[in-house]
Every structure is written in C-alpha cells, then in structure tokens.
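Report on one structure; see the data block that follows.
These values consider heavy atoms only, across backbone and side chains, with no hydrogens, waters or symmetry-generated copies. Letters A, B, ... are given to chains in the order of the sequence lines, protein chains preceding strands, and every chain is numbered from 1.
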Number of protein chains: 2
Amino acid sequence: MKPLTIGKVASRAGIGIETIRFYEREGLIAEPPRRESGYRQYPEDAVSRLRFIRHAKELGFSLKEIKELFALRVDPETTCKEIRERAQAKIGDIEDRIQALQRVKRALNGLVASCRGRGPVSECPILDALDQDGTDRR
Amino acid sequence: MKPLTIGKVASRAGIGIETIRFYEREGLIAEPPRRESGYRQYPEDAVSRLRFIRHAKELGFSLKEIKELFALRVDPETTCKEIRERAQAKIGDIEDRIQALQRVKRALNGLVASCRGRGPVSECPILDALDQDGTDRR
DNA sequence: ATAAACTCCGTACTCTACTACGGAGTCAAG
DNA sequence: CTTGACTCCGTAGTAGAGTACGGAGTTTAT
C-alpha cells in the first residue's frame, strides 16, 4: 500500500501526467499529500477515480458532468433526499442515452441486414435512427 | 415538399444557422443547391441528418466519428462485406457503451437504495461502476 | 556518487466544435 | 415599394479539454 508517484498513477490509469495535474487544477481530483520535495503521493484509489473519469468521458460525459457525479456522494451534509433527487435525475439522463444508443444500434443492424439481403444499399436507415423527439431535453 | 431555407432547417433541427454552415464546410452535410440569389435550399431530409448529428454528438461521438457513420452508406462502390464489417465494429463499440452506461446506472441506483436504507452513504459505489479493464480498447 | 529517469511549476500552445460580427444583398408581408 | 427579417461570406473569437516546453530540483539504480 505504499503511495504512488504521479507517473505510476498516470500509467495505471491510462492517462498522461499533465492531464492529472490538469484535473487537479480543475478540482476533479483532490490535491494529494506531498513529500518534502514537493512530489505528489497518491493513494491507490486515485487510480480508480482517474479510470472512472476516463471511462465516463468516453461515454460522452463532460468534465463538469463528471464532477457532478462525484458530488453525489461527497459531503455528508447533503440530505438523503437531495442526493436521491440528483441521482435520479442522472439516472434519467443515462436512460435517455441508452435509448439513443440503442436506436443507433438498431439502425446499424438494419444496415447490416439490408446489406446481407443483397439489395442496393442506397437508402439510409441510419438517418431514421435518431430522428424523433426533435425538441430539446436537458 | 418545398425546399427549406437555412433558417427553417436550423430551427427544425434544433441547431444554429452558423453551425449548419460549419458542418457544410466540414463535409458533414452536402452542399445544398442554391437559388439564383445564392440562398441555400434544403430538402426536408436535411433536417433528419442534422438531428442525427445532434443526437450522436450528445452521445459522445465526435464529428469525425459521425462522418465515419455516414461514410458507411455513401459510396455505392463499397462492398457489402466491407460495410458489414465496419458497421459491425461500430455496433460492438456501441454495445460496450451501453454496458458501461448500465453499470453507471446500477451504481446510481445502488446509491439511491443505500440512501433510502438510511445507512451512512460515505462509501462510493460509483467508482466501481466503470472500474474494470484498465487497459485500452477502441 | 553519478547518470538516467522522474517530478516540479508556470506558461503557452493545440485541437475541436462552435459562435459572433458586420457589411451587403434578398425576400416577403403589408 | 418599403421595411424588417433573413441570408450571404469571410474572418475572428471562445470554451473545453488537454498537451508541450523547459529549466531546475529529486530519486534511484548501478
């Protein structure tokens, strides 16, 4: 359980050193303790947090949204009610995204099918995939 | 079925006029025909395409990726096999994303539940949600 | 005990995806 | 036939998310 240097954390989490410092500046991760020399010393679980950030980004969450996800559990002063409400809002959000992804997937499947069927692929099922609910949510 | 001006297209698709011109420059949408005055004239289905772009972006696809999705069906010279392969790769990709989102969702649900259960919410189920496969895919 | 590798910091640069500006021409409703 | 809304274009600016630089100090493996 010895603390990790920034370089170790970076390679384990699969991101760059500069990015970690950047996230620290942006408040996505806590400032870690330092040794006398000023070197950062990370506990193991910093790696999980950074991986989470990486994956969440790949899913299309912005850094701001990721911060909000983290905020759901920090401070023990937040009332349960509030946490529940915010979490549930996020869940709704995520469900929307899943729906939308499933539509894209169906469209691509349609493409594959029509292709297998050997007919001309000229017309485009992808376009219909997400076309509905033209109005804004979020 | 009369053609639409850029402004109409923009409002129906839920994006800005400048953004449409930008997408045109970037090759995400075709240059539409113009009337003598130079005004762009869009067919109805331009709206679908733009909505598709908007939704795909919300899902975390970059413009470049979106272009790749579209490229799956443009040129009729691409072999069926190739289209199928590329489409299937994208499908796999999307399935991964759906899985990941479902993990986040489960984590949030857990959060809500543990909260309702009244125990201390101190420890963080969210972090585990996406934490696995530390290595890169894509 | 010394070289190679690592870390520090602030600043500056890059890339993506818009968004705004502004002057000039065009359209359409009254 | 005017006037207010719309569109044209090129260029410039912005926000978000990193990424690079470079000189100086620190660790660590041999």
Roughly, in whole Å, what's the span from CD1 in A:I17 to C1' in D:dC21?
14 Å

Separation of B:I53 atom CD1 from C:dA17 atom P, in whole Å?
11 Å

Any A:T19 side-chain N or O less than 4.0 Å from OP1/OP2 of D:dT19
yes

For A:S62, is there any backbone N or O sitting under 3.5 Å from a side-chain donor or acceptor partner on A:E65?
yes

Side-chain N or O of B:Y23 versus OP1/OP2 of C:dA17: is the shortest distance under 4.0 Å?
no

Under 3.5 Å, is there any donor-acceptor pair linking the side chain of A:R21 to the base of C:dG10?
yes

Of A:K57 and B:E18, the one whose closest nucleotide on DNA chain D sits nearer the 5' end is B:E18

Quick check: does any side chain N or O of B:R40 sit under 3.5 Å from a backbone N or O of B:L4, one acting as donor and the other as acceptor?
no

CD of A:E65 versus P of D:dA15: gap in Å, rounded?
19 Å

Ignoring hydrogens and angles, tell me if any N or O in the side chain of B:R12 forms a donor-acceptor pair with the backbone of B:E44 under 3.5 Å.
no

For A:L63 and A:T5, take the nucleotide of DNA chain D holding the closest heavy atom to each; which residue's nucleotide lies nearer the 5' end?
A:L63

Are A:R49 and A:F70 in a cation-pi setup, meaning NZ or CZ lies under 6.0 angstrom from the ring centre and within 45 degrees of the ring axis?
yes

Whole-Å distance, B:I20 CD1 to D:dC9 C1', equals 16 Å

Can you check whether A:G14's main-chain N or O pairs, donor with acceptor, with A:R51's side chain at less than 3.5 Å?
no

Atom CZ of B:R25 and atom C1' of C:dT19 are separated, to the nearest Å, by 11 Å

Measure NZ/B:K8 against P/D:dA5 and give the value in whole Å, please.
14 Å

Atom CD of B:E24 and atom P of C:dA17 are separated, to the nearest Å, by 17 Å

Check the distance between D:dT14's P and B:F22's CZ and give it to me in whole angstrom.
17 Å

Heavy-atom contacts under 4.0 Å between residues 28-43 of chain A and DNA chain C, which residues?
A:R34, A:G38, A:Y39, A:R40

Under 3.5 Å donor-acceptor, A:R54 side chain and A:A13 backbone:
yes

Validation row: A:K90, B:K105 side chains within 4.5 angstrom (heavy atoms):
no

